[in-house]
Amino acid sequence: MKLHHIRAFLAVHEHGSLRAAAAALDMTQPALTKSLKQLEKELGVTLFERSIRGMQATSFGRSFAVRARMADAELRRGVE
């Protein structure tokens, strides 16, 4: 698992859509999709349910979001 996977996941979780998350991260939507698929493959679970109305975190996705936020915050503090 790489830091950019965690940050991509958190952006989609926060914004609720690939388009908004990709814009916030200044990356393309296909690159963001690829990053999420890599993370889901590594974890062996589906993190989001995809629909035409956006992305909704699965129960595992919601649990992972709590830990991912903490990990991201700690890594940012370490850089500071």
What are the two closest heavy atoms between [X] and [Y], and how far apart are they?
| X | Y | result |
| --- | --- | --- |
| Ala11 | Leu25 | CB-CD1, 3.6 Å |
| Ser17 | Met55 | CA-CG, 4.1 Å |
| Leu32 | Ala22 | CD2-N, 3.5 Å |
| Arg50 | Leu36 | NH2-CB, 4.4 Å |
| Ala65 | Leu10 | O-CD2, 4.0 Å |
| Ser35 | His5 | OG-CD2, 3.1 Å |

Can you name the side chain to side chain contact (heavy atoms under 4.5 Å, CB included) partners of Ser63, sequence neighbours left out?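 By the side chain to side chain contact (heavy atoms under 4.5 Å, CB included) rule, Ser63 matches no residue at all.
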
How would you list, by chain and number, every residue that makes a side chain to side chain contact (heavy atoms under 4.5 Å, CB included) with Ala31, sequence neighbours excluded?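 With sequence neighbours excluded, Ala31 shows a side chain to side chain contact (heavy atoms under 4.5 Å, CB included) to Met27, Thr28, given in chain and number order.
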
Backbone N or O of Met1 within a donor-acceptor pair of the Glu42 side chain at under 3.5 Å?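 Here the side-chain-to-backbone pair exists.
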
pair Gln56-Ser51: side-chain heavy atoms closer than 4.5 Å: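 No, their side chains stay 4.5 Å or more apart.
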
Considering residues at least two apart in sequence or located in another chain, which fulfil the side-chain hydrogen bond (donor to acceptor under 3.5 Å, both in side chains) criterion with Arg76?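 side-chain hydrogen bond (donor to acceptor under 3.5 Å, both in side chains) check on Arg76 returns Asp72.
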
Look at Glu80 together with Arg77 and state whether they make a salt bridge at an N to O cut-off of under 4.0 Å.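 Salt bridge flag = no for Arg77 with Glu80.
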
Same cluster (ILVMFWY, side-chain, under 4.5 Å), Phe64 and Val45: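 In one cluster: yes.
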
Single hit among Lys41, Lys34, Glu40 for side chain to side chain contact (heavy atoms under 4.5 Å, CB included) with Gln38: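 Passing option: Lys34.
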
